[in-house]
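Notes follow once the structure below has been shown.
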Amino acid sequence: MNGNQDGRTDAAVAHLPAAGLVGDAAGTFGGAHKTEDGERPFAEPVLEWFGLVARELPWRRPEAGPWAVLVSEVMLQQTPVNRVLPVYEAWLARWPDPAALAAEPSGEAVRMWGRLGYPRRALRLHQAATAIVERHGGAVPDNLDDLLALPGIGTYTARAVTAFAFRQRQPVIDVNVRRLVARAIEGRAEGPVAVSRKDLALVEDLLPADAETAARASAAFMELGALVCVARAPRCAGCPVRERCAWLLAGSPPADGPARKPQGYAGTDRQVRGRLLAVLREADGPVHATLLDAAWDEPIQRDRALRGLLDDGLAVVLSPGVFALPGDAQAG
DNA sequence: CATGCGTGGGC
DNA sequence: TGCCCAAGCAT
């Protein structure tokens with residue numbers, strides 16, 4: 001219950017002309033999403049919708065502490081929810097706090113990471129756990145600056161932890177929120193690539209004043225972007241703010257800017273690195289170079305990829321021609 | 001600011 | 001079938 005659903009009529013919010021929100025000048029948005037008595041006519045319908053359809057995700061449970069939230073946020077960087085779920089559960093079962101993870105070799109984190117992708121995230125999460133033990137007595141810090149100082153934690157993740165773990169009123173902008181705001185508020189098909197200070201101010205203006213409700217609203221915005229205001233084919237019919245969506249009211253104009261650069265994967269060093277690391281991950285201990293050779297035909301690219309893994313600390317050389325995940329040395 | 005960095009599912 | 005996309009970060 002977030003209060004004041006009663007008595008809030010459509011007329012009470014309809015006086016906000018969506019067209020008036022399609023602006024450019026700084027300050028156009030200031031206060032535009034707050035009525036005189038402090039209500040947030042954008043957040044409220046989204047919160048109501050969230051209460052009805054929100055997915056039950058383990059990191060949203062009350063018993064999920066800051067460490068669990070941090071782990072989930074790092075895993076969710078560029079990786080879909082469904083693939084994260086099983087690894088998240090296994091990870092926290094084995095390492096229920098930062099100290100438990102920090103006590104093991106980083107290679108174990110890389111192995112547990114499995115096929116989530118971008119395995120350097122596992123390495124950085126291990127480094128973050130170590131730093132949390134050393135600098136913060138094993139407790140995940142509750143402020144932006146300390147979080148940002150941890151490896152693998154950037155503006156999104158730091159804000160997500162303060163909001164979702166510590167229930168602070170902080171704007172949280174991920175790709176979903178960026179797209180939602182670009183459409184609903186700015187009337188454009190997609191937002192700019194980088195998060196600007198103005199974006200933060202705009203999103204903060206959408207947040208209810210109460211910290212707990214604001215944290216919930218941040219989750220609700222992300223959920224709306226993930227489930228309804230999706231990139232490809234948005235399901236506007238089920239959107240709680242469709243009546244005031246600037247983009248919809250403008251006739252859903254297509255993206256104006258240049259098309260995004262194609263991602264490309266087949267045949268790249270990334271793919272080769274993935275192949276090689278999969279071999280190391282699935283082995284119990286050190287592996288001989290011949291096993292890695294079998295993972296990719298082209299030797300120049302294979303060597304370059306392997307060197308990259310070594311440089312990044314994702315793999316180590318035990319002896320000439322013998323490789324392993326960091327920490328697998330003792331096992332062999 | 002552009003680029004590199006994994007992986008797999010959906011359309 | 002390819003192509004697009006997914007709760008970003010570091011350099």
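Below, read A as the first sequence line, B as the second, and so on, with proteins coming before strands; counting in each chain starts at 1.
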Practice problem: Starting from the C-alpha separation in whole Å, work towards a yes-or-no answer on salt bridge (charged side-chain N to carboxylate O under 4.0 Å, His left out) for A:Glu282 and A:Arg115. | Solution: CA-CA 11 Å; A:Glu282 285 150 26; A:Arg115 308 187 68 80; 3.7 Å; yes
Quiz prompt | Residues in contact with DNA chain B, drawn from residues 71-97 of chain A - heavy-atom cutoff 4.0 Å | solution = A:Gln78, A:Thr79, A:Arg83
Quiz item: Thinking salt bridges, do A:Arg111 and A:Glu104 make one under a 4.0 Å N-O criterion?
Solution: no
Quiz prompt | Strand contacts (DNA chain B) in residues 290-313 of chain A, 4.0 angstrom heavy-atom criterion | solution = none
Quiz prompt | Length of the line joining A:Tyr156:OH and C:dA6:C1', which is rounded to integer Å | solution = 12 Å
Quiz item: Can you list the residues that meet the ring pair (Phe, Tyr, Trp, His ring centres under 6.0 Å) rule with A:Trp95, with sequence neighbours excluded?
Solution: A:Trp91
Quiz prompt | Distance in angstrom units between A:Asp199 CG and C:dG8 C1', rounded | solution = 16 Å
Exercise. Taking atom types as modelled, find out whether A:Ser218 and A:Arg159 have a side-chain donor-acceptor pair closer than 3.5 angstrom.
Key: no
Quiz item: Under 6.0 Å from the CG atom of A:Asp311, do we count more than 12 heavy atoms belonging to anything else shown?
Solution: yes
Quiz item: Linking I/L/V/M/F/W/Y whenever any side-chain heavy atoms sit under 4.5 Å apart, do A:Val317 and A:Leu292 land together?
Solution: yes
Quiz item: Among all residues two or more places apart in sequence or in another chain, which pass the side chain to side chain donor-acceptor pair (under 3.5 Å) test with A:Tyr88?
Solution: none
Exercise. For A:Arg281, answer base if it contacts any base atom (sugar-phosphate contacts may also be present), sugar-phosphate if it contacts only those atoms, and nothing otherwise; contact means non-hydrogen atoms under 4.0 Å.
Key: sugar-phosphate
Practice problem: Could you tell me which non-hydrogen atom of A:Leu325 sits nearest to which non-hydrogen atom of A:Gly107, and how far apart they are? | Solution: CD1-O, 3.5 Å
Practice problem: Considering only Ile, Leu, Val, Met, Phe, Trp and Tyr, and joining two whenever side-chain heavy atoms are under 4.5 Å apart, list the other residues clustered with A:Val230. | Solution: none
Quiz item: Which heavy atom in A:Pro119 sits nearest to a heavy atom in A:Leu277, and how many Å separate them?
Solution: CG-CD2, 3.2 Å
Quiz item: Heavy atom of residues 217-233 of chain A under 4.0 Å from DNA chain C: which residues?
Solution: A:Met222, A:Ala226, A:Ala231, A:Arg232
Quiz item: Without hydrogens or angle criteria, can the side chains of A:Asp145 and A:Asn143 be said to hold a donor-acceptor pair below 3.5 Å?
Solution: no
Quiz item: Does anything in residues 239-264 of chain A pair up under ring pair (Phe, Tyr, Trp, His ring centres under 6.0 Å), and if so which pairs, sequence neighbours excluded?
Solution: none
Quiz item: Got a sec? Which of residues 115-130 of chain A come in under 4.0 Å of DNA chain C, heavy atoms?
Solution: A:Arg124
Exercise. Taking only heavy atoms on the protein side, list every residue of residues 49-69 of chain A lying under 4.0 Å from any atom of DNA chain B, sorted numerically.
Key: none
Quiz item: What pairs with A:Asp210 under salt bridge (charged side-chain N to carboxylate O under 4.0 Å, His left out), at least two apart in sequence or on another chain?
Solution: none
Exercise. Tell me, please, which residues at least two apart from A:Leu318 pass side-chain contact (heavy atoms from CB on, under 4.5 Å).
Key: A:Pro286, A:Val316, A:Val322, A:Ala324, A:Ala329
Quiz item: So what does A:Val177 touch, heavy atoms closer than 4.0 Å: a base, only the sugar-phosphate, or nothing?
Solution: nothing
Quiz prompt | Interface limits on DNA chain B, where chain A has a heavy atom under 4.0 Å of a nucleotide atom | solution = B:dT3 to B:dG10
Quiz prompt | Nearest-Å distance once atom P is located in both C:dC9 and B:dG8 | solution = 23 Å
Quiz item: Toward the 5' end of DNA chain C, which comes first, A:Leu148 or A:Glu190, by nearest nucleotide?
Solution: A:Glu190
Practice problem: Considering only atom P, compute the distance from C:dA7 to B:dG4 and round it to an integer number of Å. | Solution: 23 Å
Exercise. Assign A:Thr157 to base, sugar-phosphate, or nothing according to its heavy-atom contacts below 4.0 angstrom with the strands shown.
Key: sugar-phosphate
Practice problem: Among A:Leu76, A:Leu70, A:Leu92, find the residue that satisfies the side-chain contact (heavy atoms from CB on, under 4.5 Å) test when tested with A:Trp59. | Solution: A:Leu76
Quiz item: Between the side chains of A:Asp199 and A:Ser196, is a donor N or O closer than 3.5 angstrom to an acceptor N or O?
Solution: yes
Quiz item: For A:Arg197, does the CZ atom sit with more than 12 other heavy atoms under 6.0 Å from it, leaving out its own atoms?
Solution: no
Quiz item: So A:Glu73 and A:Ile153, side-chain contact (heavy atoms from CB on, under 4.5 Å) or not? Walk me through it.
Solution: CA-CA 9 Å; A:Glu73 291 300 340; A:Ile153 298 192; over 6 Å; no
